[in-house]
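What follows is a short report on a single structure.
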Protein chains: 2
Amino acid sequence: MISNLTIAEENYIKAIYHLQQSGELVATNALADQMRTKPASVTDMIKKLKSKGWVDYEKYQGVQLSELGTQEALRIIRKHRLWEFFLVEKLKFGWDEVHEVAEELEHINSELLIEKLDAYLGFPKFDPHGDPIPDSSGKMEVQLQINLIDLPLDTKAVIKAVGSQKSELLELLRTKNLLMGSEVEVKQRYSFDHSMDVVVNGQSVYISQQLAQALFVYPL
Amino acid sequence: MISNLTIAEENYIKAIYHLQQSGELVATNALADQMRTKPASVTDMIKKLKSKGWVDYEKYQGVQLSELGTQEALRIIRKHRLWEFFLVEKLKFGWDEVHEVAEELEHINSELLIEKLDAYLGFPKFDPHGDPIPDSSGKMEVQLQINLIDLPLDTKAVIKAVGSQKSELLELLRTKNLLMGSEVEVKQRYSFDHSMDVVVNGQSVYISQQLAQALFVYPL
DNA sequence: AAATATTTTTAGGCAAATCTAAATTATATT
DNA sequence: AATATAATTTAGATTTGCCTAAAAATATTT
């Protein structure tokens, strides 16, 4: 079960995994955008991935990870999220500055390293952005997370995830003190623009629709 | 000062650094051995490194790192040794199983990461094998280390480094409890085979000439 | 259903890092 | 000093991942 994948192959597999989350088969153009490369290059790579059994693919019909490819994607995501947790929890990175570095660290190939890192971190179940960390067999906790937009009034919840990794968003969240793990409660909604007053860790904050839509919470 | 080096280029620079430690100009064949590649490939790479200013080189005359190349080598070695320290100190790797993983980690490119890692580890001056860790400006402590073979009788010293990274050696050291940082004292020498009795952390151990020659100590 | 637009694939090339085989230069031996 | 041996370089290929331009397939309009 030795992962004989190049870094480029791993990146494609991860990108395909993320793109198929929201929908069906992944289009060549969508993958090209994601990988910041050209459609022709994507076709080349897909053919290689198919020949190695990581994806299912028929000409012009889009790609999909095979069973094997899905397992591999989960292994990569596990590494990525464990490293993100490490960077924030231990090295005191801001949680908005870890993505690029984790993107490099995720390609280090050592089973032993990842198992020891996992143990060192105390087997965390969620990364600093609230995304679940797959365990060594690829399973991850699916936590019932709802959009803050849909949280009923006067219901306590915990901030669990953000909908995007954009640094502008992460910066805003930090200044508003909307951190992962914070307790929130919606106190008032304004139907005009769907903005709302929420209480975060006892402190009242006014947030826009766009911001609320970017936040996922776990009702208590 | 953005390091625009490929992983292959970094590995060559590091190899040249190590090879020039013990001697003068580095021969193509020596580099080929070290890099487990063929002399023809080495020549190609050397020409590229020269064109980028990392090495000084004249046809048939051997290579040498330039000032710039030396600085780069020290940056890579700094990363390698910090990661080794992390793996042993925090993740509880055996100090004989960290080399390969550190070899991968050393290529992660993030100034911030390395500075934060250094701080997290408490700015260590020596790695788990006793080798000095360069600081962010490339300076490292040169500690007066002598070979255990040359340590006078009844003189306390601390084990600081090993002469090789061979796993057979590291395994033997572990079973004999000759760990980095242990206190040693030579109690008796046998001129027949240059073997000796030493006391390590209060415990008497008998070691061969070959083993003693592989150990470097810092007299107290 | 035909024409147009969009998406995807093919064809042919390029740079990096390696290889083998052959040529060249340096070193050692007689 | 001439020759033999060893070290090094050059020449020509290969693989990986990417590119551009053109062709083919699919989707959308009219």
Side-chain angles (χ1 to χ4, degrees), chain A residues 2-16 19-20 22-65 69 72-73 76 103-104 106-107 109, chain B residues 2-16 19-20 22-65 69 72-73 76 103-104 106-107 109:
Chain A
I2 299 135
S3 292
N4 252 354
L5 289 159
T6 64
I7 289 175
E9 287 168 342
E10 287 191 354
N11 285 334
Y12 271 93
I13 286 175
K14 199 176 55 141
I16 296 168
L19 288 171
Q20 39 173 55
S22 54
E24 292 295 299
L25 293 157
V26 177
T28 303
N29 271 351
L31 240 186
D33 278 6
Q34 182 80 14
M35 299 297 300
R36 290 139 160 280
T37 184
K38 296 285 138 58
S41 309
V42 170
T43 302
D44 285 351
M45 180 56 93
I46 290 174
K47 286 199 285 197
K48 192 166 62 147
L49 290 176
K50 182 185 179 180
S51 80
K52 295 189 178 182
W54 301 107
V55 300
D56 297 329
Y57 166 68
E58 290 307 325
K59 261 193 192 185
Y60 295 100
Q61 304 306 304
V63 235
Q64 223 180 358
L65 290 178
E72 189 56 38
I76 299 164
E103 204 84 349
E104 291 199 52
E106 76 191 2
H107 299 297
N109 275 315
Chain B
I2 299 135
S3 293
N4 253 354
L5 289 160
T6 64
I7 289 176
E9 287 168 343
E10 287 192 354
N11 284 334
Y12 272 92
I13 286 174
K14 198 176 54 141
I16 296 168
L19 287 172
Q20 52 179 39
S22 53
E24 291 296 298
L25 293 156
V26 176
T28 303
N29 271 351
L31 242 185
D33 279 7
Q34 182 79 14
M35 299 298 300
R36 290 140 160 279
T37 184
K38 297 283 140 51
S41 310
V42 170
T43 301
D44 285 350
M45 180 56 93
I46 290 174
K47 287 198 285 196
K48 193 165 60 147
L49 291 176
K50 183 185 178 179
S51 81
K52 295 189 178 181
W54 302 107
V55 300
D56 297 328
Y57 166 69
E58 291 307 324
K59 261 194 190 183
Y60 295 102
Q61 305 305 303
V63 234
Q64 222 178 359
L65 290 178
E72 189 56 39
I76 300 165
E103 203 84 351
E104 292 199 52
E106 76 190 4
H107 300 297
N109 275 316

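Just so you know, these numbers use all the heavy atoms, side chains as well, and skip hydrogens, waters and symmetry mates. Numbered from 1 within each chain, the chains take letters A, B, ... in sequence-line order.
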[X] [atom1] - [N] [atom2] separation (whole Å):
| X | N | atom1 | atom2 | value |
| --- | --- | --- | --- | --- |
| A:Met35 | D:dC19 | CE | C1' | 15 Å |
| B:Asn11 | C:dA16 | CG | P | 17 Å |
| B:Tyr60 | D:dT8 | OH | P | 10 Å |
| B:Leu49 | C:dA16 | CG | P | 12 Å |
| B:Glu58 | D:dT8 | CD | P | 15 Å |
| A:Glu9 | D:dT15 | CD | P | 15 Å |
| A:Leu25 | D:dT26 | CG | P | 14 Å |

Non-hydrogen atoms of [X] and [Y] that approach each other most closely:
| X | Y | result |
| --- | --- | --- |
| A:Glu104 | B:His107 | OE1-O, 4.1 Å |
| B:Ala32 | B:Lys38 | CB-C, 3.9 Å |
| B:Tyr57 | B:Lys47 | CE2-CG, 4.3 Å |

I want to verify a distance call: between [options], whose nearest atom is closest to the [X] side chain?
| X | options | value |
| --- | --- | --- |
| B:Tyr12 | D:dC18, C:dT18, C:dT9 | C:dT18 |
| B:Asp44 | C:dT18, D:dA7, C:dT7 | C:dT18 |
| A:Lys38 | D:dT20, C:dT7, C:dT18 | D:dT20 |
| B:Gln61 | D:dT9, C:dA26, C:dT9 | C:dA26 |
| A:Tyr57 | D:dT10, C:dA16, C:dT9 | C:dT9 |

Among B:Leu31, B:Asn29, B:Asp33, which residue meets the side-chain contact (heavy atoms from CB on, under 4.5 Å) test with B:Pro39? B:Asn29

Compare side-chain N and O positions of [X] against OP1 and OP2 of [N] and report whether any pair is under 4.0 Å apart.
| X | N | value |
| --- | --- | --- |
| A:Asn29 | C:dT6 | no |
| B:Lys47 | D:dT10 | yes |
| B:Lys59 | C:dA26 | no |

Using a heavy-atom cut-off of 4.0 Å across all strands, would you classify [X] as base, sugar-phosphate, or nothing?
| X | value |
| --- | --- |
| A:Ala40 | base |
| A:Ser41 | base |
| A:Thr28 | sugar-phosphate |
| A:Thr37 | sugar-phosphate |

Residue among B:Glu72, B:Glu106, B:Glu9 satisfying salt bridge (Lys or Arg N to Asp or Glu O under 4.0 Å) with B:Lys14: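 So the option named by the test is B:Glu106.
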
Take A:Met45 and B:Val42, find for each the nucleotide of DNA chain D with the closest heavy atom, and name the residue whose nucleotide sits nearer the 5' end. B:Val42

